[in-house]
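Down below is the structure, laid out as structure tokens.
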Amino acid sequence: MKAIKIVDGVYSLRANHWDRRLFDELIPLPDGTSYNSYLVIGDEKTALIDTVDFSKTKEFLDLLRELKEKMNLSIDYVIANHAEQDHSGSIPDVLEMFPQAKVVTNAKCKEFLMDLLHIPEDKFVVISEGDKLDLGGKTLEFIMTPWVHWPETMTTYLIEDKIAFTCDFFGSHRATSHLFPCDEAKVLEDAKRYYAEIMMPFRVNIRSNLKKLEAKEIRFIAPSHGPVYNRPEVIMEAYKSWVSDEVIPKVIIAYTSMHGSTEEVVRYLVDRFTENNLVVIPFNLTVEDIGKLAMELVDASTLIFASPYVLAGLHPNVVYAIYLINALRPKVKYVGLVSSYGWGGMGVNQFKEMWKLKTEILEPILIKGLPRKEDYEKLENLVDQVLKRNLPLMSALTV
Ligand code: FEO
């Protein structure tokens, strides 16, 4: 772990977690992740913005110790933009190494940090919207950006250098040795996945946070996961499109098949949508990474579940996907269900009870075993319904 200069007096202290494969025991991390802390050195005071995950505390403290020895580093303030432990986990150890340091954060984040890490109350300096902290030639301004993705989240803006330290906001799960994106398209994909998995339920809140940040001149966005953005407009524009109400004509089929009947349904639907030039993505819930499904749902217009039955209900993979998608709240507009049963099927009612999103529910289809002629007719009707609803969106894309 090394201190990498962004501009004079501002350093990235990034702890890469190259081989972490799961976050929150839930979210797949195909490319690992990083926990980014930043050092801002003013003429009079020094601030550390966020820290790193518990698992990287030793590396982090080793670096701070090295900086203490080499450049006489002293930390006066630890800015906590977010209380979650992947960024706050090392704060108690930093306070031990720099006993004079105060934790600067908002009132809600202070409460969380006292509960999560037992940091004593007298260690805090509480700030609110628009407050400024003068470090001597470097001024930090605090901008409340709640619900990205916890209620206490905030952004710290370094006025002189025009750097927004946004913590999870705009982040991406990727371990990388590059300070800035070396492949912007790839980083946008990572950021979209991250948005889908963590931020998507809060897209309306994020819209107002984006507006707040747009009012600032920003040269760099320095999030707490993934690379620093040296072209901030790229990620901000991407976020604007993700949080908008616009969807694109795209059908996601989330399915599991046990003995091939559901797979046949999926094959038929994929072929029919493809023949009609409607983008379709079949997503086998048994083998695929659920983060990829979330990412595809960021802008998809249509979602179809296809499920066999286990006992008399939908397959647990599909039940889990419904539960998760309810929680992620994508802006999908149309949802359908095709289910194939052997000896008993209560799945349609089960689905209607479980599904919580405000979407149009297309007529569910229940098939006994392998589809017969009359089932293909029902599937054809589903295809027609989906096409009819997506046609205006498809026409809008045609020049
Ligand atoms: Fe990266 Fe919400 O913590």
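Count residues from 1 along the sequence. Just so you know, ligand 1 is whichever comes first in the structure, and atom 1 is the first atom listed for that ligand.
- Around atom 1 (Fe) of ligand 1, the angle linking H87 (NE2) with D86 (OD2) is 90°, rounded to 10 degrees.
- Here C167 does not reach atom 1 (Fe) of ligand 1: none of its N/O/S atoms is less than 2.8 Å from the metal.
- Within a 6.0 Å radius of CD in E217, no more than 12 heavy atoms belonging to other residues, nucleotides or ligands are found.
- When atom 1 (Fe) of ligand 1 is compared with the N/O/S atoms of H225, atom NE2 turns out nearest.
- For the residue pair H173 / D190, no side-chain donor-acceptor distance below 3.5 Å is found, with atom types taken as modelled.
- For D168, the N/O/S atom at the shortest distance from atom 2 (Fe) of ligand 1 is named OD2.
- More than 12 heavy-atom neighbours from other residues, nucleotides or ligands sit within 6.0 angstrom of NZ on K333.
- In plain terms, the two heavy atoms of I91 and A80 that are nearest each other are CD1-CB, 4.2 Å.
- For H82, every N, O or S atom stays at 2.8 Å or more from atom 1 (Fe) of ligand 1.
- Residues K110 and E121 are paired through a salt bridge, judged by an N-O separation under 4.0 Å between the basic side chain and the carboxylate.
- For E84, the N, O or S atom closest to atom 2 (Fe) of ligand 1 goes by the atom name OE1.
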